[in-house]
Amino acid sequence: MEHTMAAVAAAPIANRHWPEEGWTRVPFWVYTDEDLYQHELETFFYGPSWNYVALECEIPERGSYKRSWIGERQVVVVRGENDAIHVWENRCAHRGARVCWKNKGKEESFTCPYHQWNYALDGKLQGVPLKRGVLKKGGMPSDFDNSQHGLRPLSVHVEGGSIWASFSENPLPFAEYCGEDVIVNIRRQFPGKKLKLLGYNRQLIPGNWKLYFENLKDPYHATLLHSFLITFGLWRADTQSESIPGDSGHSVMVSRNVGRKKTDAAAEIARFKEALELHDLDTVTPRTEFEDGKVVAITHFPSVVIHQQANTFGMRHVIPKGTGSFELAWTFFGYEDDDDEMTRLRVRHANLYGPAGFVAMEDGEVLSESQLGAHHYGHRNAVVEMGGRDVEKQDHMVTEVLIRAFYKHYRKMMRI
Ligand SMILES: [Fe+2]
């Protein structure tokens, strides 16, 4: 079926052909091809997708703003009048210069540094210097209409304190874009309680941006690569789990904290380090928070991975920077009504993640390895057959089903 589709639609990447095996193979050129990358930006980030941009708690007051990214485009997220949240392109309507140069702050209005065109919090143009000219000379034509030259606004959706934006004027309703399994899990973590910002990490990973989504669609690696998770019982191959492919390229990966114990399954895994001890078990000792006992990682395509592990919550914003690099911007948060001990645990457990996290450090390293293995090997294919060749939900971790389901969606959207 995928082949038929590619045949009828004009293939945008005419010189590339997907391997005959279909979604059980990933050709390595998907990580290095420049034309493909430009088409990905247009198709996903600048298309009808909902993209994560910020948390409401980052812009608490009227005039508070955060600069953010959708693909390689900069946007600004602003709290305006009557608590309305606006997202607009950080790009002056006049000559395209960036209007906002800081990552965060608070302003009454925004003024472009080039010719001082001034914009209201909602992005509407409210002032053009020398609009009527000087000494009756120059200036804008008399019919120049400010209302036609504002900063380009994006569609905005707020879901339980998380802010999403779309370049489409008429995107699918957010819940529909997410699909049932994803929206249920987002609402589990964002039930409408006020959020509290706990901190940031940022890192540049020398790999293709899709590799990050694939990493979080790959429970198989988590049971093998991450000594810390395996040894201290935060994530193990023999725990009850689910791998749930979602709509629009999303997925949900569910596990459970099991505590430290050696089982037959764990003993098979080389990185289960029985002799490894921690003097302080705080980082691997979560307080029970969700009654369902689940640990959930949501890949929300194309912009973010949402994690809940131990007591840490994080948004991992994926910002592509060309074919071979992406920025990963981590935002750690909790709930405003957390007690002091819970806040302390959330911050402590954040040590698992970020550029030097006990767990995440290893992902940054292996993704750069995969990228190195893609360069000059466009004629080779990655094999993703673990857990079978289908794309249906599975109830175990020894699977690459989520990667297969992702490439099924990717090929349909990219017409490749
Ligand atoms: Fe990992």
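Both counts, for ligands and for their atoms, begin at 1 and track the order of listing. All residue numbers refer to positions in the sequence shown, counting from 1.
- No cation-pi contact links Arg316 to Tyr52, judged by a cut-off of 6.0 Å to the six-membered ring centre and 45° from its axis.
- Of all heavy-atom pairs between Asp247 and Glu176, the closest is OD2-O, 4.4 Å.
- Under the rule for a salt bridge (Lys or Arg N to Asp or Glu O under 4.0 Å), the partners of Arg346 that lie at least two apart in sequence or sit in another chain are Glu289, Asp338.
- Distances shorter than 2.8 Å separate the Fe ion (ligand 1) from the protein N/O/S atoms His221 NE2, His226 NE2, Asp363 OD1, Asp363 OD2.
- Within the structure, the side-chain hydrogen bond (donor to acceptor under 3.5 Å, both in side chains) test picks out the following pairs touching residues 150-164 (sequence neighbours left out): His157-Glu159, Glu159-Arg187, Ser162-Trp164.
- Under the side-chain hydrogen bond (donor to acceptor under 3.5 Å, both in side chains) criterion, His396 pairs with Gln394, not counting sequence neighbours.
- Between Phe333 and Phe313, the two ring planes are tilted [angle within 30° to 60°].
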